[in-house]
Amino acid sequence: MKTGKKWQKIRNEIKLKSVAADLLFDVVGSIFYAAGIYTFAGDAEFAPGGVSGLALILNYLLGLPVGTVTLLFNIPLVAVSYRAVGKMLLIKSARTMVISSLILDLLFPLIPVYSGNRMMAALYSGLFMGAGMAVFYLRGSSSGGIDFLALAIKKKKPHLTMGVITLLIDLVVIVLGWPVFGDIDAVLYGVASTGVSTIVIDKILYGSGAGTLAIIITDKGGRIAERIGRTAKRGVTEIPAVGGYTGIKKDVLLCACSKAEAHLIRTAVEEADDRAFLMFTETSEVFGEGFRAGDGRK
């Protein structure tokens, strides 16, 4: 009994630390993200891609608060994509969306906006937005919006890649800036901002091409492997094992993935077996089917 209570206490402490870390990353990521949207893009008369770009357009036309509009746009996107996203990612992302919206509407209106060169505004908007989204992704969360919609479309149209889907949606939003802001430069600056954001996310998440190896110890190997294949579209190698202390048969699963996919792997494991032991270790290079040399991505 005492041993059981001790382990339960340790698990509770680990969960509490994990929640605290999630909140810290949400706040830091939201500050970066809000700086990109409000401080740099807000007064430069262009719309970066995504839901935040739409919110900026409505802010320009009607004066509506960017954070609140972004949150309202995300509600129907969550409704249509919750099956594709998964429960854990949805819960984390909902918290991230609320925190980022509050910081956008309550904190950043108190900070002066950048009103200098539009190209510099576009570049720094992309830099800060990309950094913010990467911080969210590092903790298995998301700012919602286009991420959710792209996952839902991917499920319906599996032949399309996530990159193509996201790019097409972003371009629609960016082009809307042309009639709203009144010049073609609004489109060019929106493209520049989105391009920089994508590069920053890649550099932070993928580094110089490092990959991630997930090591999972469980007694529900088949269920977890099926869930990973369905959620993250990654293959799994299953190795039979025996617990050294308990003597109980276990399955050891190995799954190579990118850092951006790690949160999908974690979500799949937690949903299939909440008692599984999961470790992530970084690999300097990943080669083979599904990966490019020195890239670590599909």
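Hydrogens, waters and symmetry mates are skipped; everything else that's a heavy atom, side chains included, is used. Throughout, numbering of the chain's residues begins at 1 and tracks the sequence.
- Of all non-hydrogen atoms in C255 and I228, the two that sit nearest each other are SG-CG2, 4.1 Å.
- To the nearest 0.5 Å, atoms OG1 (T237) and CG (L254) are separated by 6.0 Å.
- The side-chain contact (heavy atoms from CB on, under 4.5 Å) test with L54 is passed by exactly one of L176, V69, V172: L176.
- You'll find the side chain of L264 stays beyond 4.5 Å of the side chain of R234, heavy atoms only.
- Under the 4.5 Å side-chain heavy-atom criterion for ILVMFWY residues, a single connected hydrophobic cluster contains both V28 and I103.
- Between the side chain of T96 and the backbone N or O of S141, no donor-acceptor pair lies under 3.5 Å.
- Paired with D105 under the rule side-chain contact (heavy atoms from CB on, under 4.5 Å), one option of T68, T70, L71 passes, and it is T68.
- L24 and I31 fall within the same hydrophobic cluster, where Ile, Leu, Val, Met, Phe, Trp and Tyr residues are linked whenever their side-chain heavy atoms come under 4.5 Å apart, directly or through other members.
- Annotation: side chain of L77 is in contact with side chain of V51 (closest heavy-atom distance under 4.5 Å).
- Annotation for I174 and V187: closest pair CG2-O, 3.4 Å, computed over non-hydrogen atoms.
- In this structure, I99 and S30 approach most closely via the heavy-atom pair CG2-OG, 3.7 Å.
- With rounding to the nearest 0.5 Å, the separation of CG in L138 from CG in D22 is 11.5 Å.
- In summary, the side chains of D273 and T218 do present a donor paired with an acceptor at a separation below 3.5 Å, with no hydrogens or angles considered.
- Counting all heavy atoms, side chain and backbone alike, I217 lies closest to K250 at CG2-CB, 4.2 Å.
- Annotation for L64 and N59: closest pair O-ND2, 2.8 Å, computed over non-hydrogen atoms.
- Annotation: the span from I215 atom CD1 to T281 atom OG1 amounts to 6.0 Å, rounded to 0.5 Å.
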Run the side-chain donor-acceptor check on residues 107-134: report pairs under 3.5 Å with partners two or more places apart or on a different chain.
| from | atom 1 | to | atom 2 | distance (Å) |
| --- | --- | --- | --- | --- |
| Y114 | OH | N117 | N | 3.1 |
| N117 | OD1 | M119 | N | 2.8 |
| N117 | OD1 | M120 | N | 3.1 |
| R118 | NE | A44 | O | 2.9 |
| R118 | NH1 | D183 | OD2 | 2.9 |
| R118 | NH2 | E45 | O | 2.8 |
| S125 | OG | G36 | O | 2.9 |
| S125 | OG | S193 | OG | 3.3 |

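- Counting all heavy atoms, side chain and backbone alike, L213 lies closest to A256 at CD1-N, 4.1 Å.
- Atoms CG and OG, on N74 and S100 in that order, are 8.0 Å from each other to the nearest 0.5 Å.
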